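In the text below, chain A, chain B and the rest are named by the order of the sequence lines, each starting its count at 1. Note that the structure is predicted; figures quoted are calculated from it, not measured. Any value given below was found using the heavy atoms of this structure, including those in side chains, with hydrogens, waters and symmetry copies removed.
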Amino acid sequence: MSNYVQVETTINDEPITFLCEPRQSLLEVLRETLKLTGSKEGCNNGNCGACSVLLDGRLVNSCLVLAVEVAGKSVTTIEGLAHGDHLHPLQKTFLEHAALQCGICTPGFLVAAKALLDHNPHPSEHEIRYWLSGNLCRCTGYDKIVRAVQAAAQEMEAVAR
Amino acid sequence: MIIEEKPRQQETPAKPAYKVIGTRPVRPDGVEKVIGRAKYGADIDLPGMLYGKVLRSPVAHAYIRSIDTSAAEKLPGVKAVVTSADLPRLSSNEYIDMGEGGGQLQDLHDNILASRKVLYKGHAIASVAATNPHIAEEALSLIKLDLEELPPVLDPLEAMREDAPLLDDQRYTESLAGRSSKPSNIARHAQHAIGDIEAGFAQADVIVEREYRTSMVHQGYIEPQNGTALWDADDHITVWTSTQGAFSVRAELSKLLLVPLAQIRVIPMEIGGGFGGKIAVYLEPVAALLSRKAGRPVKMTMTRAEVLEATGPTSGTYIKLKMGAKKDGRLIAAQAYMVYESGAYPSSPLGAGMSCMLGPYDIPNVLIDGYDVVVNKPRTAAYRAPGAPAAAFAAESLVDELAGKVGLDPLTFRRINASKLGTRLANGNVLPRVGNYECITAAMESEHWNAPLSAPWRGRGVASGVWYNWGGLSSLTASVNADGSVTLTEGSTDIGGSRATAAMQLAEALGIPYESIHPFVADTDNIGYNDVTGGSRTTFATGWAVYEAAQQIKRQLIERAARLWECSETDVDYTNGVLTCKTNPDLRLSFKEMAEKAHSTGGTIVGCGNPSPKQFGPAFATHIVDVEVDPETGKVQILRYTAIQDVGTAIHPSYVEGQIQGGVAQGVGWALNEVYDYDEQGRLRNASLLDYRQPTTLDLPMIDTILVEVPNPTHPYGVRGVGEVPIVPPLAAVANAIAHATGQRFLKLPLNPDAVLRGLGKIK
């Protein structure tokens, strides 16, 4: 076991310690070791965005981050978006706007969209499309995804007032 | 002056006053998908689970001289290694129907693990199971392959030549004339004919002939193929997989592994997209063989490069098409020579391409010759409206030119020639009631078509398309619970909202709230046989099964009420979820109240549906697109898109729109960027999602939809399939728009910046 490294980190606001090999990606450890399978593997080379997570609030592809890199940092995955049975506004609007069909890209889109709204609460359609262009969806043609993000932004603004 | 006749018998009946159908509820499987809890195939985790990886051919065409796995087997952590020698030898070579398409069993066998030859780069040769995926990968590098390389044949027209290298010296051309005398790469020659082609062209005032080409393209689902298997010592096999058809996987495994159907349990996990590509098995039999050897469950997932190099793309095509019209705009003759590349084994959707190509038109004289040709590329698989988009690219591009030559706008030209109820097609079929005319009319009346578009390098294109849809077999049960809720157990894997549409049709039929129905997808041990989710059949046929199950439930409710009320069953009425006694208005029970009494009035109330619909509802569509071409870079931007489609009855309009928008996006990708870019040795140069370049959010505008509802008269709720036809028109619609923007006709896809600049003469 000498080639295993102990990593102390925070995932979805919980302190967690795990063992991993230096060659393992954050995505592999999330899915196979920690059983957080909400982050999906579509390409394993940063092309599709299905494994999007937040690392200290910054949007990253977890397949391109080594697990050892998250030591001392804070990771937010799709499993951290809702609080109990209280869905994040994006999760609600994705459901209401039928913004998912097969749903495999949905966790990545939700995490990416959360990162967008966290730092730009009033994005234009173009800003939404630009921000989400690293997330591939093959089912929806993106129309309903973009509308769901617009609706969530409006809803969050209404709540904030 | 053109005098258009409105087709007779084309009146659309008034839409019934539905209560649930046509609403937009949240899907039953939605919450678990937005919180990341839904379990897809790769999410499975079992005690003692091993990880399998596949060794694939580094070359496109070779004899396998030997495979030495001894070093790999000795690597610590490796628990099993298999090659084709571990697959049972087949006793017969039958045709296996997998749902949308099929193939020879021996071909499927050789595609799973190559035996004598490798036929494409990426062809599976051997597989390893180890305690983690990294060890399995290391073990692959220890397997010694001795290959005798052969020249590959990659272009279908070259593969058809008599002196071309043969992929299989035992493959002969099948045709109506029988079997060819010499082996050939041409697996099949088919012909559709109607009328007299020579007499037809003799009457034509305008004739145009063109040659069109399209590339292989991939379904592009975001979830790679996966399969996990556990082969128990008593030869019972359990498989967890993402598939469009659990029963199809079971049948394929049974025939490949020679294990009876009842000993194989296939558990369909949530599926991350398929579009036809997740019907044929790749990993499941290999995982099963590894599990048998290792005595432990084995999970396998593909990398994206494996998905692109070794799972089914759809055919690249060559289509030479000639069409003739009279000067009043009426189409009089069409002749086509169509070549579909199958990849390594016969599997192309040639027949559907031949049938769909001219389906939107009533043409009295047609002759189509089609050829299914094997080349050193992956075995093709179904892809959304298999075969139709490339065929429509040819037909709809040419129709656009013909319309211009006879001086008609392209929609008027299409409407004059529109196929309709009673039109006999070249494949011999006669169309039932369809909405082709209505779609073209809706396009003509649309705001988009009538909006001005005037800037240099901008153009508007239209195209139509058809997909005939399918019925297939669905089987399900609906169990009434004691609190008035209903558990709906179905066997159609849900690829994009069909649990919602099944539950909605059940709610409509029973007159109860949608929310009181809990639909779920069972595995092959828990429900009767269901065909694959494909052919746009699920909301149609599973909806039909739901309707049948509801009728059984209604009969039982009426029977119970009659017993309770001591009246005749004919005196009991069930409407909108309420039982009433026609002879005594005081007697009244809601569905919920009767459900509460079920156990004490004769037992559980369960309804089943097992229909086998023979008549389907063909779906037609007409699309309008505006593009802008950048003459400096060759980039084409989609400015506006409107898809008009006859959807029969939109059960859940949001998911109907979603199917249309998704189909359009794939079609736009096919038109503009997506390509299988092989080098001369048959190595795929763009085997990643970055380089394969399917559309992103920035490549598309909002996609407007106009839902035309011409109910399918054979379905209880008028449902037609909606999922496939939206990918048929976009290729030609975009190409026609580019033609109008540039004044230049492009006959080969994709129209990426390179192709556009070449076409404009800006680069050579």
Side-chain angles (χ1 to χ4, degrees), chain A residues 21 23-24 28 31-32 35-48 50 77-79 81-82 85 87-88 90-92 94-108 110 125-126 128-147, chain B residues 24 26-27 29-40 42-43 45 132-134 219-224 270-275 301 303-304 494-497 652 654-655 657-666 668 688-692 694-704:
Chain A
E21 292 180 69
R23 66 181 170 186
Q24 287 186 288
E28 185 183 344
R31 290 180 51 80
E32 301 294 333
K35 313 301 178 196
L36 291 169
T37 53
S39 304
K40 303 301 180 191
E41 180 181 321
C43 67
N44 213 27
N45 60 5
N47 292 170
C48 79
T77 72
I78 181 65
E79 288 89 348
L81 252 62
D85 64 356
L87 297 180
H88 188 280
L90 280 162
Q91 292 171 313
K92 265 180 61 193
F94 265 59
L95 291 176
E96 288 161 1
H97 288 258
L100 54 145
Q101 284 176 36
C102 82
I104 197 85
C105 71
T106 307
L110 286 167
E125 182 192 333
H126 183 76
I128 295 171
R129 288 185 180 276
Y130 184 80
W131 184 274
L132 296 178
S133 62
N135 290 76
L136 293 179
C137 169
R138 192 61 158 174
C139 293
T140 64
Y142 305 108
D143 182 300
K144 293 186 189 303
I145 293 176
V146 174
R147 290 181 199 277
Chain B
R24 300 173 186 245
V26 168
R27 58 198 279 171
D29 53 318
V31 168
E32 62 171 25
K33 285 189 169 139
V34 298
I35 63 174
R37 195 172 291 154
K39 287 280 179 249
Y40 293 77
D43 301 336
D45 182 45
N132 77 45
H134 305 284
Q219 294 83 352
Y221 35 78
I222 305 301
E223 178 203 39
E270 294 293 344
I271 172 171
F275 313 107
T301 56
T303 65
R304 180 55 57 176
D494 181 353
I495 203 157
H652 191 307
S654 295
Y655 285 103
E657 294 158 5
Q659 287 292 325
I660 294 172
Q661 290 160 341
V664 167
Q666 287 179 315
V668 167
S688 76
L689 286 176
L690 191 67
D691 297 319
Y692 179 69
Q694 55 198 53
T696 72
T697 44
L698 283 173
D699 297 317
L700 295 163
M702 294 296 190
I703 299 162
D704 296 329

Do you know which of A:G38, A:S133, A:G103 has the most heavy-atom pairs under 4.5 Å to chain B? A:S133
One option among B:G220, B:S654, B:G273 has the most heavy-atom pairs under 4.5 Å with chain A, and it is B:G220
In short, B:Y221 meets A:R138 closest at the heavy-atom pair N-CG, 4.2 Å
Just so I understand: if I count every heavy-atom pair under 4.5 Å between each of B:Q219, B:R24, B:H652 and chain A, which residue has the most? B:Q219
I need the B:H134 NE2 to A:E21 CD distance, nearest 0.5 Å. 6.0 Å
Between A:H126, A:E28, A:Q24, which has the largest tally of heavy atom pairs under 4.5 Å with chain B? A:E28
Sort A:Y130 into side chain, backbone, both or neither according to what part of it lies under 4.5 angstrom from a heavy atom of chain B. both
Between the side chain of B:Q661 and the main-chain N/O of A:G141, is any donor-acceptor distance below 3.5 Å? no
Between the CD1 atom in B:I222 and the SG atom in A:C139, the distance rounded to the nearest 0.5 Å is 8.0 Å
Quick one: what part of B:V668 sits under 4.5 Å from any heavy atom of chain A, side chain, backbone, both or neither? neither
Given the options B:R304, B:M702, B:K33, which has more heavy-atom pairs under 4.5 Å with chain A than any of the others? B:M702
So what's closer than 4.5 Å to chain A heavy atoms on B:A42: side chain, backbone, both or neither? both
Taking B:D43 first and then A:R31, would you say they form a salt bridge - that is, a charged N and a carboxylate O separated by under 4.0 Å? yes
Taking A:L95, A:T106, A:I145 one by one, which has the highest count of heavy-atom pairs under 4.5 Å against chain B? A:L95
Would you mind checking which part of A:K35 comes under 4.5 Å of any heavy atom in chain B, side chain (CB onward), backbone (N, CA, C, O), both or neither? side chain
Counting C-beta onward and ignoring hydrogens, is there a side-chain heavy-atom pair between A:D143 and B:E657 closer than 4.5 Å? no
Minimal heavy-atom distance between A:I104 and B:G272, with the atoms involved, is CB-CA, 3.7 Å
Most contacts with chain B, counted as non-hydrogen pairs under 4.5 angstrom, among A:E79, A:E125, A:E41: A:E125
Correct closest heavy-atom pair for A:A82 and B:I35 would be CB-CG2, 4.3 Å
Given the options A:L100, A:L110, A:N135, which has more heavy-atom pairs under 4.5 Å with chain B than any of the others? A:L100
Any donor-acceptor pair under 3.5 Å from A:Y142 side chain to B:A665 backbone: no
Check whether more than 12 heavy atoms from other residues, nucleotides or ligands sit under 6.0 Å from atom CZ of B:R37, and answer yes or no. no
Which answer fits B:P133, side chain, backbone, both or neither, if we ask what part of it has an atom under 4.5 Å from a heavy atom of chain A? side chain
Taken in chain and number order and not counting sequence neighbours, the residues that satisfy salt bridge (Lys or Arg N to Asp or Glu O under 4.0 Å) with B:D704 are none
Do you know which of B:G30, B:G658, B:S688 has the most heavy-atom pairs with chain A at a distance under 4.5 angstrom? B:G658
Do the non-hydrogen side-chain atoms of A:L136 and B:T696 ever get within less than 4.5 Å of each other? yes
Does some side-chain heavy atom of B:T697 sit less than 4.5 Å from a side-chain heavy atom of A:I128? no
Based on non-hydrogen pairs under 4.5 Å, which of A:C43, A:G46, A:A98 is most in contact with chain B? A:A98
So which part of B:Q666 gets closer than 4.5 Å to some heavy atom of chain A, the side chain, the backbone, both or neither? both
Donor-acceptor contact below 3.5 Å, side chain B:R27 vs main chain A:Q101: yes
Whatever's closer than 4.5 Å to a heavy atom in chain A on B:N132 counts as side chain
Selection from B:V664, B:T301, B:L690, B:V31 maximising heavy-atom pairs under 4.5 Å formed with chain A: B:L690
Within the 4.5 Å heavy-atom criterion, are B:T303 and A:N44 side-chain neighbours or not? no
